S.K.: 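I have a structure here, written as structure tokens, and I will follow up with some questions on it.
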Amino acid sequence: MQFSVILDTILFESKYPVLFTCKNDKDIYLFICCFVNFEKIKWIGTRTTYDNLIDLLENKITIRDAFLNGTNNKIMIEYDGKEVEYELKKSSEIPDEILPTVGEYMDAEEGEYEYKRICQNWRR
């Protein structure tokens with residue numbers, strides 16, 4: 001199975017990307033870090049829409065809602081510092097504890113995350 005995307009926009013990062021978008025020729029994806037330790041990092045992702053992402057940045061929906069508003073198919077990515085592994089899972093197979101926290105918003109202010117530029121680019 002082939003899955004190829006490129007990093008689009010990092011919305012929040014620490015020493016590693018925490019919340020970011022990736023895209024390919026036809027789709028946009030939202031990824032959220034769900035596990036990190038000294039051995040590996042794991043992200044969970046979903047195909048989404050630009051309108052969904054704009055609603056997220058405008059604090060109209062929570063991070064969890066933005067994630068769950070996507071498709072029923074989720075992408076699990078694991079990176080150990082050397083190799084990237086991924087697998088597709090159904091929403092029903094994803095443990096609740098790795099989903100974004102209930103009730104958490106981006107709390108993005110205008111100007112934060114180059115908010116206007118991101119939204120303008122996404123609206124094209």
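All figures in this text were calculated on a predicted structure; none of them were measured in a lab. Starting from 1, each residue takes its place in the sequence as its number.
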S.K.: To the closest 0.5 Å, what do you measure between CG (D51) and CD1 (I28)?
M.R.: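 One gets 12.0 Å once the value is rounded to the nearest 0.5 Å.
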S.K.: Side chain to side chain contact (heavy atoms under 4.5 Å, CB included) with T101: which residues, sequence neighbours excluded?
M.R.: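 Here the qualifying residues are E104.
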S.K.: Apply side-chain contact (heavy atoms from CB on, under 4.5 Å) to I77 and E85, showing your working.
M.R.: CA-CA 6 Å; I77 296 179; E85 294 182 11; over 6 Å; no
S.K.: Got a sec, which residues hit side chain to side chain contact (heavy atoms under 4.5 Å, CB included) with P100, two or more places apart in sequence or on another chain?
M.R.: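 Applying side chain to side chain contact (heavy atoms under 4.5 Å, CB included) to P100 gives I32, I63, R64, F67.
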S.K.: What residues form a side chain to side chain contact (heavy atoms under 4.5 Å, CB included) with D65, not counting sequence neighbours?
M.R.: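 Applying side chain to side chain contact (heavy atoms under 4.5 Å, CB included) to D65 gives I61, T62, N69.
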S.K.: What's the separation between atom NZ in K42 and atom CG in N37, rounded to the nearest 0.5 Å?
M.R.: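 Going from the NZ atom of K42 to the CG atom of N37 covers 9.0 Å.
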S.K.: Is the shortest side-chain heavy-atom distance between Y29 and V5 below 4.5 Å?
M.R.: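 Yes; the side chains approach each other to less than 4.5 Å.
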S.K.: Go through the steps for V36 and Y16 under the test side-chain contact (heavy atoms from CB on, under 4.5 Å), then give the verdict.
M.R.: CA-CA 9 Å; V36 64; Y16 50 87; 3.3 Å; yes
S.K.: Could you tell me whether the side chain of T9 and the main chain of T21 form a donor-acceptor pair under 3.5 Å?
M.R.: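 A pair under 3.5 Å: no.
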S.K.: Identify whether the distance between the nearest side-chain nitrogen and carboxylate oxygen of D8 and K23 falls below 4.0 Å.
M.R.: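 Yes.
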S.K.: With sequence neighbours excluded, tell me which residues meet side-chain hydrogen bond (donor to acceptor under 3.5 Å, both in side chains) with K89.
M.R.: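 With neighbours one apart ignored, the set is empty.
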S.K.: Give, for atom CD1 of I75 and atom SG of C22, the distance between the pair rounded to the nearest 0.5 Å.
M.R.: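 Here the interatomic distance stands at 8.5 Å.
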S.K.: Do the side chains of C34 and E97 get nearer than 4.5 Å, heavy atoms only?
M.R.: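 With C-beta onward as the side chain, the pair stays apart.
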S.K.: Supply the atom-to-atom distance I44 CD1 to C33 SG, rounded to the nearest 0.5 angstrom.
M.R.: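 That separation rounds to 11.0 Å.
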S.K.: Students often mix this up, so state it plainly: with edges at 30° and 60°, are the rings of F20 and W43 parallel, tilted or perpendicular?
M.R.: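 If you compare the ring of F20 with that of W43, the planes turn out perpendicular.
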S.K.: Using every non-hydrogen atom in the two residues, find where L30 and T48 come nearest and quote the distance to one decimal.
M.R.: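 Result for this residue pair: N-CG2, 4.0 Å.
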S.K.: Do any N or O atoms from the side chain of Y105 and from the backbone of D107 form a donor-acceptor pair under 3.5 angstrom?
M.R.: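 No.
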S.K.: To the nearest 0.5 Å, tell me how far E93 CD sits from E87 CD.
M.R.: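 Taking CD in E93 and CD in E87, the distance rounds to 8.5 Å.
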S.K.: If you take all heavy atoms of E13 and I10, which pair is closest and at what distance?
M.R.: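 Taking every non-hydrogen atom into account, CB-CG2, 3.7 Å.
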S.K.: With sequence neighbours left out, what residues match K74 under side-chain hydrogen bond (donor to acceptor under 3.5 Å, both in side chains)?
M.R.: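 side-chain hydrogen bond (donor to acceptor under 3.5 Å, both in side chains) check on K74 returns T46.
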S.K.: Does atom CG of D25 have more than 12 heavy-atom neighbours from other groups under 6.0 Å away?
M.R.: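 Atom CG in D25 is not crowded, with 12 or fewer foreign heavy atoms closer than 6.0 Å.
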S.K.: Not counting sequence neighbours, which residues clear side-chain hydrogen bond (donor to acceptor under 3.5 Å, both in side chains) with N73? List them please.
M.R.: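 Expected list: K90.
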S.K.: Measuring from E58:CD to M106:CE, what's the distance to the nearest 0.5 Å?
M.R.: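 Taking CD in E58 and CE in M106, the distance rounds to 12.0 Å.
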S.K.: Measure the shortest side-chain to side-chain distance between L99 and D96 over non-hydrogen atoms and say whether it is less than 4.5 angstrom.
M.R.: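 Contact flag for L99/D96 side chains = yes.
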S.K.: With the side chain counted from C-beta on, respond yes when I41 and F35 share a heavy-atom pair under 4.5 Å apart, and no when they do not.
M.R.: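 Side-chain contact under 4.5 Å: no.
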